[in-house]
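Just so it is clear, the values below take in all heavy atoms, side chains as well, and ignore hydrogens, waters and symmetry mates. Sequence lines set the chain letters: A, B, ... in the order given, protein chains first and strands last, and positions in each chain run from 1.
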Amino acid sequence: MTEPLAPQYNPAAIESGLYRWWMERGLFAPAARGTPYVVMMPPPNVTAVLHMGHGLNNTIQDVLVRFERMRGKAALWLPGTDHAGIATQNVVERLLAKEGTTRFDIGREAFVEQVWGHVRETGATILEQLKAIGCSADWSRTYFTLDEDLSRAVREVFVRLYDKGLVYRGHYIINWCPRCLTALSNEEAEKEETDGKLWHFRYPLADGSGHVTVATTRPETMLGDTAVAVHPADERYRALVGRQIRLPVVDRLIPIVADDAVDPAFGTGAVKVTPAHDPTDFEIGKRHRLASMDVMTPEARMSLAAPERFQGLDRFEARKRVVAEFEDAGLLEKVEPHRHAVGHCYRCDTVVEPRLSEQWFVKMAPLAEPALAAYREGRLRFVPDRRGEEYAQWMENIRDWCISRQLWWGHRIPVWYCEYDHCARVVASRTDVTRCPGCGGPMRQDEDVLDTWFSSWLVPFSSLGWPDQTEDLRRFYPGDTLVTAPEILFFWVARMVMSGCEFMGEVPFETVYLTGTVRDSQHRKMSKSLGNGIDPLDVVRLFGADALRYTLVAGSAVGTDVILDPGDIETSFAPGRNFANKLWNAGRFILSNLEGPTRPLAGRARDVVRREELSLADRWILARCEAAVVEVTEALERFRLNEAAAAAYRFIWSDLADWYIEQIKPRLYGDQPGGDVARAVAAQTFDVGLRLLHPVMPFITEALWKRLPGRHPDASISTSPWPATDRRADDAEALRQFGLVQELVSAVRQIRAEYGVAPGQGVRATVGNLGPDARRTFEAELGTISRLAKVSSLAFGESGERVGGHAVLSDGTSVFVPLGDAIDVGRECNRLGAEVERLLGLIGAQEKKLGNAQFTSRAPAAVVEREREKLASWREQHEVLARKRALLGCV
RNA sequence: GGGCGAAUAGCUCAGCUGGUUCAGAGCGCCUGCCUUACACGCAGGAAGUCGGGGGUUCGAAUCCCUCUUCGCCCACCA
């Protein structure tokens with residue numbers, strides 16, 4: 001009936017094909033019914049795709065989606081259609097690096113073609129990866145295209161903001177990458193602590209009556225100085241304000257001004273002012289109507305505004321020359337080492353040059369207000385909580401967003417300028433403009449393109465067809481949960497909230513779950529440039545997708561990073577593989593014992609298993625199963641995926657495989673009656689275990705679940721219902737009683753191991769000092785005890801013998817395994833002595849606690865009662881062991 | 001400079017609302033087993049004064065303060 005299963009789980013054989021099987025049956029398409037549950041999917045980043053970080057994000061998203069689907073929600077990922085922007089940027093960077101070329105060496109058309117070829121290629125790679133790790137998104141949606149819908153949404157948004165006066169153009173100091181030749185947003189200019197120098201320059205007063213010393217970290221910018229500023233309240237310089245400086249090197253007269261922005265405590269308290277090359281200076285310049293001298297070209301070489309001998313020099317070369325000239329002139333007062341934050345381009349790591357330039361901006365404060373309110377009012381929450389405060393802090397101090405980029409790819413800014421100078425009309429438009437609406441003259445579109453995130457921030461609704469009022473939009477906006485990496489909280493998440501509030505009137509999702517970051521053993525972020533990445537596809541090939549997913553999920557405690565050692569992927573991923581194999585073999589065993597349908601455990605069927613037919617072990621595993629359902633469900637609801645994985649793991653491995661399967665073997669083999677009941681319980685609890693684990697390990701659970709008896713060939717575990725909690729299985733008695741049996745078995749095993757009893761050799765055991773129902777329990781489970789602990793006979797009462805291994809169970813039951821001359825009495829005395837010591841320690845502490853009137857009067861009665869019971873139990877255990885030691889003649 | 005987080009077994013990490021169900025898991029290590037589901041396994045074992053110090057409390061890995069060390073985010077002191 002079922003094809004024979006190999007004794008080892010072979011991911012390659014099982015996983016290939018299952019994904020297609022799912023897709024063919026449309027199992028990943030949103031269900032027709034049910035409450036929508038939408039997990040927003042971030043645009044995959046091409047450079048990240050072969051790294052573990054993306055594997056982590058995608059896995060976590062998929063775990064939640066599968067969980068919610070099984071719970072009857074129409075869960076889907078919402079893949080953005082705008083993967084082009086970021087993807088392209090990265091592809092371009094890679095291409096340029098590979099070709100060893102710069103953007104200007106390739107013609108635009110050839111360039112675009114080459115880039116898009118690459119995008120299509122890497123797009124396929126991304127799909128491969130997502131399939132390989134079992135992600136269940138509906139990938140039929142457009143992927144990796146700059147599709148027209150999106151362009152439409154981008155233009156719509158731009159024009160709306162423009163009309164509201166929220167988009168504006170202006171001259172500002174922006175972050176400029178001299179290599180990429182583009183403006184960068186504040187978020188894209190990554191600050192890095194850098195060891196630099198602080199040069200102290202003497203600026204002589206124009207009348208020769210002395211000098212003012214200024215400090216700078218960027219000497220080359222002094223070529224563009226147009227003032228020196230001091231704090232208005234600074235006594236040292238008060239008399240100098242309004243006088244002139246003769247700027248060395250360039251030999252130009254500049255004024256000394258007073259401005260509040262100057263910190264009198266830093267450096268000399270006097271600062272050179274270079275409005276074209278520093279944001280603060282730019283502000284000072286505006287206040288004092290100073291000229292702005294841009295002394296650099298876009299490539300960060302000295303421009304024609306610099307003295308002739310500097311023109312064309314690279315900025316760092318110019319820096320050396322300026323310093324040298326100061327030194328030669330005796331105007332270099334001193335040089336100090338100085339550690340400060342320097343901006344670097346997030347794409348190419350080039351030092352960013354603050355540069356005066358004309359750019360487009362979005363006024364953010366009005367957009368931030370409702371987005372902040374949503375958080376404050378609880379309509380938006382973050383997991384972990386503390387990220388919410390980061391979000392709020394950023395929103396409160398938000399700065400305008402520079403959205404124009406001087407790149408060759410992306411959405412062009414939908415603004416047209418009239419070519420006629422006398423008209424100079426500027427139009428923002430949803431459609432292309434060819435004729436000037438004012439004078440009828442020709443129009444020219446802005447050359448710049450929009451920041452990638454300007455399309456990405458619209459994904460929650462643009463990907464659903466907005467601005468049209470589509471069915472999808474009605475149904476799936478807003479979503480429930482955004483799962484993404486913390487590093488794009490501001491780039492993307494915060495902006496999506498703002499755009500959602502502005503254009504849809506409500507937040508795009510109510511929960512933002514921020515995953516950890518995948519780091520290497522030195523806690524460095526995994527990245528291509530560091531070469532410390534792990535390709536998830538390699539892991540899939542070596543260990544299987546389920547092993548990869550298990551490791552990632554098990555390592556993802558809320559708010560913590562996942563550390564993986566790229567040099568030792570065996571250690572990281574073998575546990576997942578081992579667990580998959582364990583599950584596979586447990587399944588193989590159970591399936592091999594299930595011929596045809598099993599009896600139902602509940603319902604009105606004639607052959608339903610009656611409660612009194614259940615053995616203690618049956619009741620125990622059903623109770624454990626129930627507990628596992630509660631644990632896993634609650635953990636997933638609270639985004640504690642690692643706990644969900646651990647709970648499912650414990651249930652399947654420790655409870656089901658280690659104990660229950662071992663316990664029922666005689667019944668399955670027909671050595672004991674009740675095989676049909678054992679089969680029914682095993683089938684049911686295994687089924688539940690598979691479903692609990694399915695979100696984390698979809699392939700292996702699907703493969704096994706499909707083989708359970710009575711499955712329709714097209715049924716899939718991914719659309720089967722999530723296990724319901726069953727109060728009737730809440731069986732504390734069974735848990736306690738079977739727990740005692742487990743303790744007894746362990747105690748005998750321990751003694752056997754301690755004294756090297758040969759594995760096959762049976763031992764006798766005597767149990768005494770029994771609790772009320774213990775004898776009945778042990779008698780009923782005699783088979784279990786004898787098989788699992790190799791006990792040939794179990795006697796009740798106190799043994800006449802005294803030489804052997806002794807133990808005591810938690811309820812005070814004494815255990816004795818006679819070993820005759822086989823053991824060393826001294827060794828047994830030591831063994832028991834250690835245990836007695838431990839108990840005495842506990843008892844002493846506990847007596848002190850209970851003797852403390854403060855405790856008994858202040859602690860809750862239930863706690864006190866529990867503590868009393870513990871003490872009684874320990875005393876009893878101690879007493880039993882002490883007697884045994886006395887019997888052995890221990891000193 | 002501001003904000004935040006972390007420090008628990010050799011390694012990677014759990015430990016949520018303070019109370020021996022809390023000192024745990026996996027890997028690694030040691031011992032014995034190829035027991036008819038699984039050696040990617042089974043059974044047993046060793047191993048941590050929960051970073052240091054102080055405090056709150058009847059009681060602290062858990063709450064507070066402080067120090068040390070690492071990490072992250074933000075930031076226009078040139």
Side-chain angles (χ1 to χ4, degrees), chain A residues 5 7-9 173 186 191 198 214-218 221 229 261-263 265-268 270-274 278-283 338 340-341 354 384 386-387 389-390 393-394 397 486-487 489-490 517 519 521 523-525 543 547 554-555 557-565 568 570-572 574-575 577-593 638 640 642-643 646 649-650 657-658 661-662 665 669 746 749-754 756-760 787-790 842 845-846 848-849 852-860 863-864 866-867 870 874:
Chain A
L5 302 176
Q8 260 196 11
Y9 173 61
I173 297 282
N186 291 316
K191 299 287 180 158
L198 192 59
V214 298
T216 181
T217 54
R218 294 187 297 148
T221 63
V262 180
D263 175 3
F266 186 87
T268 60
V271 59
K272 58 190 268 320
V273 181
T274 321
D278 183 277
T280 313
D281 293 5
F282 178 72
E283 295 299 322
H338 182 63
H340 62 137
R386 65 187 153 84
R387 296 288 182 181
E389 286 308 310
E390 279 177 33
Q393 213 180 328
W394 188 77
N397 303 307
E487 56 260 35
L489 179 59
F490 306 128
T517 305
R519 298 176 187 282
S521 34
H523 296 229
R524 298 176 305 184
K525 200 192 295 192
F543 302 99
V558 172
T560 64
D561 290 337
V562 179
I563 311 289
L564 298 171
D565 183 354
D568 186 10
E570 168 80 18
T571 297
S572 302
R577 176 203 57 190
N578 294 354
F579 181 42
N581 192 51
K582 184 72 183 180
L583 182 60
W584 178 254
N585 276 293
R588 221 157 59 88
F589 178 79
I590 289 172
L591 289 169
S592 71
N593 282 287
R638 299 169 62 202
R640 292 176 173 268
N642 60 321
E643 288 174 23
Y649 179 100
R650 263 197 311 273
D658 285 350
I661 287 182
E662 291 308 323
K665 277 179 178 173
Y669 296 158
S746 293
R749 281 173 174 172
Q750 200 177 335
I751 290 165
R752 295 177 58 102
E754 181 75 17
V757 177
R787 248 169 359 89
L788 299 187
K790 290 267 165 26
L842 291 176
Q846 199 71 354
K848 199 169 147 204
K849 181 188 276 188
N852 187 334
Q854 299 279 19
F855 171 66
T856 46
S857 59
R858 291 196 198 186
V863 170
V864 175
R866 207 162 57 226
E867 298 304 308
K870 279 181 203 157
W874 292 331

- Here the distance between atom C1' of B:C76 and atom CG of A:N397, to the nearest Å, is 14 Å
- Task: Only counting residues at least two apart or in another chain, list the ones meeting side-chain hydrogen bond (donor to acceptor under 3.5 Å, both in side chains) with A:Q8.
- Result: none
- Atom CG of A:L489 to atom C1' of B:G3: distance rounded to whole Å? 14 Å
Under 3.5 Å, N/O pairs linking protein and nucleotides 18-20 of chain B:
none

- Query: Within the structure shown, what part of the strands sits under 4.0 Å from A:T517 by heavy-atom distance: base, sugar-phosphate, or nothing?
  - Reply: nothing
- If you draw the axis of the six-membered ring of A:Y649, does the NZ or CZ of A:K582 fall within 45° of it and under 6.0 Å from the ring centre? no
- Query: Where each pair must be Watson-Crick or G-U wobble with both distances under 3.5 Å, what dot-bracket representation of RNA chain B is obtained, with crossing pairs in [ ] and other-strand partners as |?
  - Reply: (((((((..((((.....[....)))).(((((.......))))).....(((((..]....))))))))))))....
- With a 4.0 Å cut-off on heavy atoms, is A:R650 in touch with a base, just the backbone sugar-phosphate, or nothing at all? nothing
- Message: Using atom P in both nucleotides, what's the gap between B:C64 and B:G24 to the nearest angstrom?
- Response: 25 Å
- Which of parallel (below 30°), tilted (30 to 60°) and perpendicular (above 60°) describes A:W394 and A:F490? parallel
- Item | Partners passing salt bridge (Lys or Arg N to Asp or Glu O under 4.0 Å) against A:R752 (at least two apart in sequence or in another chain) | none
- Message: When the C1' atoms of B:A47 and B:G28 are compared, how many Å lie between them, rounded to an integer?
- Response: 11 Å
- Item | Residue pair A:D565 / A:S572: nearest heavy atoms and the distance that separates them | N-OG, 4.0 Å
- Grab the CD1-P distance between A:I590 and B:A37 for me, whole Å please. 12 Å
- Query: Between B:U62 and B:U17, how far is it from one P atom to the other, in whole Å?
  - Reply: 13 Å
- Message: Holding to side-chain hydrogen bond (donor to acceptor under 3.5 Å, both in side chains), I want the full list of residues that pass it with A:T571, two or more places apart in sequence or in another chain.
- Response: A:D568
- Message: List the residues meeting salt bridge (Lys or Arg N to Asp or Glu O under 4.0 Å) with A:E389, not counting sequence neighbours, and say none if there are none.
- Response: none
- From CG of A:D278 across to P of B:C76 the rounded distance in Å is 11 Å
- Sequence neighbours excluded, the answer for ring pair (Phe, Tyr, Trp, His ring centres under 6.0 Å) partners of A:F855 is none
- Message: For A:R749, give me all partners under side-chain hydrogen bond (donor to acceptor under 3.5 Å, both in side chains), at least two apart in sequence or on another chain.
- Response: none
- Message: From the set B:G5, B:C16, B:A37, return the single nucleotide nearest to any side-chain atom of A:R640.
- Response: B:C16
- Query: Expressed in whole Å, how much space separates the C1' atoms belonging to B:C13 and B:A7?
  - Reply: 12 Å
- Taking only Lys NZ, Arg NE, NH1 and NH2, and the carboxylate oxygens of Asp or Glu, determine whether A:R650 and A:E643 approach each other closer than 4.0 Å. no
- Please state how far atom CD1 in A:I661 lies from atom C1' in B:A37, giving the value in whole angstrom units. 7 Å
Taking only N/O atoms, report every protein-nucleotides 29-36 of chain B pair under 3.5 Å with atom names and distance.
none

- Message: So, under a plain 3.5 Å distance rule, would you say the side chain of A:E643 forms a donor-acceptor pair with the base of B:C16?
- Response: yes
- Taking protein heavy atoms under 4.0 Å as touching, what does nucleotides 40-49 of chain B look like 5' to 3' if B marks base contact, S marks sugar-phosphate-only contact and - marks none? BSSSSS----
- What is the nucleic acid contact for A:Y649, judged by heavy atoms within less than 4.0 Å: base, sugar-phosphate only, or nothing? sugar-phosphate
- Message: Side chain of A:F490 only, heavy atoms from C-beta on: which candidate in B:G26, B:A37, B:C73 is closest?
- Response: B:C73
- Item | Whole-Å gap separating P (B:G5) and CZ (A:R387) | 11 Å
- Out of B:U12, B:A37, B:A14, whichever nucleotide has its closest atom nearest the side chain of A:I563: B:U12
- Using the C1' atom in both, what is the distance from B:A60 to B:G53, to the nearest Å? 15 Å
- Task: Go through the structure and list residues passing ring pair (Phe, Tyr, Trp, His ring centres under 6.0 Å) with A:W584, not counting sequence neighbours.
- Result: A:Y9
- Note on the structure: Sorted by chain and number, sequence neighbours left out, side-chain hydrogen bond (donor to acceptor under 3.5 Å, both in side chains) with A:D561 holds for A:R519
- When the distance from CD of A:E283 to P of B:C76 is rounded to whole Å, what number comes out? 12 Å
